[in-house]
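Working notes for the structure below.
Remember, predicted model here, so these are calculated numbers, not experimental data.
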Amino acid sequence: SLPLVVNGTFVRAAGLQSGAVRPEYRGKGLYRDVMEAALRHCDAEGFEAVVLLTDTPDLYRRHGFRVLAQHRFEGPAPTGGRAGPLRRLDIGSEADVTLLGRLLEGRRPVSDHFAPLRQKEMFLFNAALMPDLRLDLMEETNTAIAWQMGDDGGVDILDVVGTRIPSLADILASLRIAPARVTVHFAPDHLGWAGAGVPDENDMVLMLRGSDGLSPAQSFALPPMAEF
């Protein structure tokens with residue numbers, strides 16, 4: 001189950017992950033059979049949409065999936081934010097993982113254009129795989145910021161987890177950084193900042209099976225911390 005917000009509306013969605021056939025059994029239609037069985041199950045369970053990430057989109061178009069073009073958002077760093085107390089979170093700390101889990105369970109979707117409502121397991125899994133990821137807690141708002149410093153002096157905001165989304169200016173002020181540029185890897189409609197949408201050139205594309213009305217009406221991206 002991967003509940004989503006799309007165009008400001010709750011969507012009961014499912015995510016498909018990690019399908020494969022061993023090489024010696026390929027060419028026999030087994031993957032087609034597995035996909036059809038999985039999609040029948042999703043339909044029977046009443047899911048309004050099914051999403052997946054793939055580098056072979058043609059394999060899934062025949063099953064009714066379409067590519068959703070993703071964008072990252074780039075621009076100058078905003079100034080004038082209010083700095084608050086900050087604490088570095090450690091993905092190796094049981095207490096911090098428990099705190100993150102609680103925040104992820106009760107979070108506000110990071111965007112109304114397109115965002116998961118809940119994806120606690122994938123956030124924690126991805127965090128464990130990203131050695132250069134920084135996780136900081138804005139203590140006044142109890143909001144976790146997932147971010148990275150770029151080699152060019154810029155900053156990448158990967159996700160914001162809390163019951164409310166602080167402005168980007170307040171986030172940067174609290175992080176005590178003044179980057180040369182900011183890249184936000186999700187639609188920044190809650191950040192009080194509007195970067196320029198740049199098409200994502202990642203080999204992995206996001207695909208959705210569902211009604212045409214479920215396509216995001218504005219530029220968006222699935223946050224990297226939610227990738228599955």
Side-chain angles (χ1 to χ4, degrees), residues 1-7 9-74 104 109-111 113-130 132-133 146 148 156-159 183-187 197-228:
S1 177
L2 184 67
L4 300 171
V5 167
V6 182
N7 299 327
T9 301
F10 169 75
V11 176
R12 187 165 181 258
L16 296 186
Q17 177 184 4
S18 303
V21 176
R22 292 176 62 90
E24 62 268 31
Y25 293 102
R26 291 174 186 166
K28 300 178 180 180
L30 297 179
Y31 194 67
R32 179 198 61 221
D33 292 346
V34 167
M35 280 296 302
E36 290 176 353
L39 294 175
R40 284 196 302 270
H41 171 77
C42 291
D43 292 341
E45 291 294 312
F47 287 108
E48 302 169 76
V50 184
V51 295
L52 55 82
L53 290 164
T54 182
D55 59 357
T56 55
D58 288 342
L59 183 63
Y60 298 97
R61 287 191 174 97
R62 71 189 71 171
H63 296 289
F65 286 87
R66 61 184 181 275
V67 172
L68 298 182
Q70 298 190 81
H71 293 73
R72 63 185 184 276
F73 301 84
E74 298 182 347
L104 287 160
V110 75
S111 168
H113 299 340
F114 185 98
L117 283 174
R118 292 181 299 278
Q119 52 15 319
K120 178 177 73 172
E121 292 80 8
M122 291 315 305
F123 184 103
L124 296 175
F125 181 74
N126 288 325
L129 296 178
M130 301 168 70
D132 56 346
L133 176 72
Q148 294 173 322
D156 291 82
I157 306 295
L158 306 185
D159 209 343
T183 301
V184 175
H185 293 265
F186 50 86
V198 178
D200 187 0
E201 298 176 351
N202 197 320
D203 290 338
M204 299 293 287
V205 299
L206 179 67
M207 302 190 77
L208 180 144
R209 175 183 181 265
S211 68
D212 291 340
L214 288 179
S215 295
Q218 301 185 55
S219 299
F220 80 99
L222 179 71
M225 304 306 296
E227 291 181 357
F228 57 95

**Complete:** To the nearest 0.5 Å, atom CD of E227 lies from atom CG of N202 at 6.5 Å
**Request:** Take atom CG of D203 as the centre, draw a 6.0 Å sphere, and report whether it contains more than 12 heavy atoms from other residues, nucleotides or ligands.
**Result:** no
**Asked** Distance from N7 atom CG to F220 atom CZ, nearest 0.5 Å?
**Response** 10.0 Å
**Request:** Assess whether side chain to side chain contact (heavy atoms under 4.5 Å, CB included) is satisfied between V205 and T54, documenting all intermediate values.
**Result:** CA-CA 5 Å; V205 299; T54 182; 4.1 Å; yes
**Request:** Can you see which heavy atom on G197 is nearest to which on H71, and at what distance?
**Result:** C-CD2, 4.0 Å
**Request:** Taking the side chain as every heavy atom from C-beta outward, state whether N126 and L158 have any atom pair closer than 4.5 Å.
**Result:** no
**Item:** Min side-chain heavy-atom separation R209-D43 under 4.5 Å
**Value:** yes
**Message:** Could you check whether R61 pairs with D58 (Lys NZ or Arg NE/NH1/NH2 to Asp/Glu carboxylate O, under 4.0 Å)?
**Reply:** yes
**Message:** Counting C-beta onward and ignoring hydrogens, is there a side-chain heavy-atom pair between L2 and V51 closer than 4.5 Å?
**Reply:** yes
**Prompt:** Does the R12 side chain pair with the main chain of E45, one donor and one acceptor, at a distance under 3.5 Å?
**Reply:** yes
**Asked** Can you tell if the side chain of R72 reaches within under 4.5 Å of the side chain of D156, non-hydrogen atoms only?
**Response** no
**Request:** Indicate yes or no: at least one non-hydrogen side-chain atom of H113 is less than 4.5 angstrom from one of S219.
**Result:** no
**Prompt:** What's the shortest heavy-atom distance between L133 and A146, and which atoms?
**Reply:** CD1-CB, 4.0 Å
**Asked** From T183 OG1 over to Q148 CD, what is the distance, rounded to the nearest 0.5 angstrom?
**Response** 11.0 Å
**Asked** With a 4.5 Å heavy-atom cut-off, do F73 and I157 have their side chains touching?
**Response** no
**Asked** Tell me, do M130 and M225 make a side-chain contact under 4.5 Å, heavy atoms counted?
**Response** yes
**Request:** Can you measure from CG (L222) to CD (Q119) and round to the nearest 0.5 angstrom?
**Result:** 8.0 Å
**Request:** Measure the shortest side-chain to side-chain distance between R66 and L208 over non-hydrogen atoms and say whether it is less than 4.5 angstrom.
**Result:** yes
**Prompt:** So Y31 and Y60, would you call those rings parallel, tilted or perpendicular, with 30° and 60° as cut-offs?
**Reply:** perpendicular
**Prompt:** CD of E201: more than 12 outside heavy atoms within 6.0 angstrom?
**Reply:** no
**Message:** Could you report the tightest heavy-atom contact between E48 and L214, atom names first, then the distance?
**Reply:** O-CD1, 3.5 Å
**Request:** I would like to know whether F65 and V50 meet side chain to side chain contact (heavy atoms under 4.5 Å, CB included); could you show each step before the answer?
**Result:** CA-CA 8 Å; F65 286 87; V50 184; 3.9 Å; yes
**Prompt:** Hey, what do you get for CG (L68) to CG (D200), rounding to the nearest 0.5 Å?
**Reply:** 12.0 Å
**Item:** Whether R26 side chain and V21 backbone form a donor-acceptor pair below 3.5 Å
**Value:** yes
**Message:** Quick check: closest heavy atoms across F186 and P223, and the distance to 0.1 Å?
**Reply:** CB-CG, 4.0 Å
**Request:** Output the distance between atom CD (Q70) and atom CG (L53), rounded to the nearest 0.5 Å.
**Result:** 7.0 Å
**Item:** Minimum-distance pair of heavy atoms, taken over all atoms of V67 and P57
**Value:** CG2-CB, 4.1 Å
**Request:** May I ask you to check whether over 12 heavy atoms, not counting those of F125, lie within 6.0 Å of atom CZ?
**Result:** no
**Prompt:** Which atom pair, heavy atoms only, marks the closest approach of A49 to V11?
**Reply:** CB-CG1, 4.1 Å
